[in-house]
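In what follows, a single structure is set out as structure tokens and then discussed.
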Amino acid sequence: MFRSHWHPLLLLSPALVLLALLTLYPIGYSLMLAFTNTQYGGPMTFVGLDNFRDLFSDWFFNQATRNTIVFTLAASLTQVGLGLLLALLFHQPFRGRAWLLPLCIYPMMLSTLVCSSIWKAWLHYDFGWLNNFFDVLGIARVSWLSDPQTALAAIVLVDTWQWTPLAFLLLLAGLQAIPPDIEEAATLEGATSWQRFWHVRLPLVRAPLFLALLLRSIDAFKLFDKNYVLTGGGPAYSTETLSLLAYKQGFKFFHLGTASAIAVVMLIIALVLSLAYAWQVMRRPH
Amino acid sequence: MTRLLRPLGVTLAVLFFTLPTLWMLGTAFKPAAEYIGTSLVFWPSQPTFSHFIQLFDEGVLRRLFNTLVVSIGTTAVSLSVGFISAYALVRYRFPARLDHAFLLLVLLIKTLPPIVVAIPLYRVLNALNLLDSHLGLMLSYQVYTLPFCIWMLLSFVRQIPIDLEEAASLEGAGLVQRLLRVVVPLAAPGLVATLIFAMLLAWNEFLFALLFIQTPSQFTLPLYIATFTTENQTFWGPLMAIGALSSLPVLLLAGYLQKHLLRGFAMSPQ
């Protein structure tokens, strides 16, 4: 540790200036706008809690909130579940593991726009690879993105393809960190592979499991690019999310007050998630 | 039973995660007749460069260049600012746990959906006369890359032993000399890893580019891709050709990226 009063301040000041200009001021400004009925270029009138009252009784907002929550839970749970399965498959060494593992994590390095364009083609009703493959299997074609019943699930599928690799890597690192003698001891005591998983491995990977779930929820909650590209929020608003709704209100209809009120609701949810994240990563390891 | 299950599971996983990307690479070289239809074949039977030629005629290189400029500019700022911040947080004692407060703020910004700050950010860029400019994108991308760089560099700077710096300090080296002569060389691998990931973040960013760039010639690659996908058309050949072009850096760096992937997400800052 070095001692100086002005060195740390000097070193941190560029970051503080940038973060203040780009995030603290914007957050403050959104908090203010949320209580006004400002239109783009128009005057700013204070309307108290009206925006929030209107939002909570607004069908579109409730639909977007519901979709966002369903998507966040479905996507993060699926990805962490599949990621755990994959991590267990890749935990023990086998032939070809060294070059098969990188193949399984490629998707998370591609741009979301590239992922979405591949899957937009794959999910196409008439010419999509998936439906063509279903023909071969004798399964009926599915109108993935154009049916309100399946559209959100289809986006969960795309997100799962892109981000299961992250959960997989986090959990694999967790499994690899288990001291081998613990597992050996369990095997010597006659534990079956199921008992070994349930009583030894699972409790020991609780921290990475929670971290993976949290990281995927935080990111899934932001969902914008995929539904913007794949469905535009449709059909029948079945894939509208809070990010997309805030974007439309603010940048299409120029209802800055409404858009900011949505932003404030999202900010509060993000705050809860980030406190959980901070609690997870900032506590000292024992 | 596990003897059978493992190969089966691994095969399914590998197919699921690789086939769509392989299809992209194959379709980039297929004539339209081969991808509009019910064929399941991945590789073109009559390979063509026509999609790439069409893209070059439409100015894809310009967009590639735009994306590169924005990514480099964004990363240069974030990496230098993030590095000195991480250094300060590791090497100095702060009163009243202000360092923890700062880290908490950084985490909150990492968690924040970017749309939350988008409207005021539009005002900021407008006031600075930076809308529809690459400089404006570089500035707004700090929202993503700066918290990321601070967090990732923190774990690298912590691993540098303080002894060398103390020795340099006893010999009269000041802060700037210590940083440049001792810390930067030792942190070089970490700086390179962080640089690559920050570049990737900027390279792939979509929302702010969509909001802040209007002129088509200023478009970045993700924005350019979106002009193909938002209409309900099946221009899959050209689309997959840009997909392949814009994924090229990642496909080349994959092995390296995989090794460092977890740092920016998981490392405890302690």
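This structure is a prediction, so every number in the text was calculated from the model and none was measured. Every chain is numbered from 1, with letters handed out A, B, ... down the list of sequences.
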Exercise for review: For atom CZ of A:Phe133, decide whether the heavy atoms of other residues, nucleotides or ligands shown that lie under 6.0 angstrom number more than 12.
Suggested key: no
Exercise for review: Pick whichever of A:Leu19, A:Leu24, A:Leu89 has the most heavy-atom pairs under 4.5 Å with chain B.
Suggested key: A:Leu89
Check your understanding: Which of the residues A:Phe251, A:Tyr29, A:Trp129, A:Trp161 is involved in the greatest number of heavy-atom pairs with chain B at under 4.5 angstrom?
Key -> A:Trp161
Review point. So which part of B:Ser246 gets closer than 4.5 Å to some heavy atom of chain A, the side chain, the backbone, both or neither?
Key: side chain
Check your understanding: In terms of heavy-atom proximity below 4.5 Å to chain A, should B:Leu105 be classed as side chain, backbone, both, or neither?
Key -> side chain
Check your understanding: Which atoms of A:Leu33 come close to chain B, meaning under 4.5 Å heavy atom to heavy atom: side chain ones, backbone ones, both, or neither?
Key -> side chain
**Study point:** Contacting moiety of B:Leu239, where chain A heavy atoms sit under 4.5 Å
**Key:** side chain
Point to revise | Segment of B:Leu19 engaging chain A (4.5 angstrom heavy-atom cut-off) | key: both
**Study point:** Interchain contact, A:Val136 with chain B, by part (heavy-atom threshold 4.5 Å)
**Key:** side chain
Check your understanding: Based on non-hydrogen pairs under 4.5 Å, which of B:Val143, B:Leu200, B:Val116 is most in contact with chain A?
Key -> B:Val116
Point to revise | Part of A:Arg141 within contact of chain B (heavy atom distance under 4.5 Å) | key: side chain
Practice item. Pick whichever of A:Ile218, A:Leu88, A:Ile118 has the most heavy-atom pairs under 4.5 Å with chain B. Key: A:Ile118
Revision key, fill the gap. Of B:Thr111, B:Thr38, B:Ile36, the largest count of non-hydrogen pairs under 4.5 angstrom with chain A goes to B:Thr111
Revision key, fill the gap. Turns out that what part of A:Phe94 lies under 4.5 Å from chain B's heavy atoms comes down to side chain
Exercise for review: For each of A:Cys104, A:Gly96, A:Ser13, tally heavy-atom pairs with chain B at distances under 4.5 Å, and name the one with the top tally.
Suggested key: A:Cys104
Exercise for review: Select one option (side chain, backbone, both, neither) describing which atoms of A:Tyr106 are under 4.5 Å from chain B's heavy atoms.
Suggested key: side chain
Review point. Under a 4.5 Å heavy-atom cut-off, does chain A meet the side chain of B:Leu112, its backbone, both or neither?
Key: both
Review point. Where does A:Leu103 contact chain B at under 4.5 Å (heavy atoms): side chain, backbone, both or neither?
Key: both
Review point. So which of B:Leu139, B:Ile242, B:Leu104 has the largest heavy-atom pair count under 4.5 angstrom toward chain A?
Key: B:Leu139
Check your understanding: Counting heavy-atom pairs under 4.5 Å to chain B, which of A:Gly28, A:Ala259, A:Ser30, A:Gly128 comes out on top?
Key -> A:Ser30
Review point. Which region of B:Tyr224, side chain (C-beta onward) or backbone (N, CA, C, O), has a non-hydrogen atom less than 4.5 Å from a non-hydrogen atom of chain A, or is it both or neither?
Key: neither
Check your understanding: Where does B:Val14 contact chain A at under 4.5 Å (heavy atoms): side chain, backbone, both or neither?
Key -> both
Point to revise | Which portion of B:Glu205 sits near chain A, non-hydrogen atoms under 4.5 angstrom | key: neither
Review point. Looking at A:Phe90, A:Phe224, A:Trp122, A:Trp119, which one has more heavy-atom pairs under 4.5 Å with chain B than the rest?
Key: A:Trp122
Review point. Quick one: of B:Met24, B:Arg123, B:Met240, who has the most non-hydrogen atom pairs under 4.5 Å with chain A?
Key: B:Arg123
**Study point:** Interface moiety of A:Leu85 toward chain B, non-hydrogen atoms closer than 4.5 Å
**Key:** neither
Point to revise | Side-chain donor-acceptor pair present, B:Ser78, B:Gln142, cut-off under 3.5 Å | key: yes
Check your understanding: Side chains of A:Thr112 and A:Gln162: donor-acceptor distance under 3.5 Å anywhere?
Key -> yes
Point to revise | Contact winner vs chain A - B:Leu223, B:Asn204, B:Leu40, B:Leu107, heavy-atom pairs under 4.5 Å | key: B:Leu40
Review point. Most heavy-atom pairs under 4.5 angstrom with chain A, which of B:Tyr35, B:Phe83, B:Phe94?
Key: B:Phe94
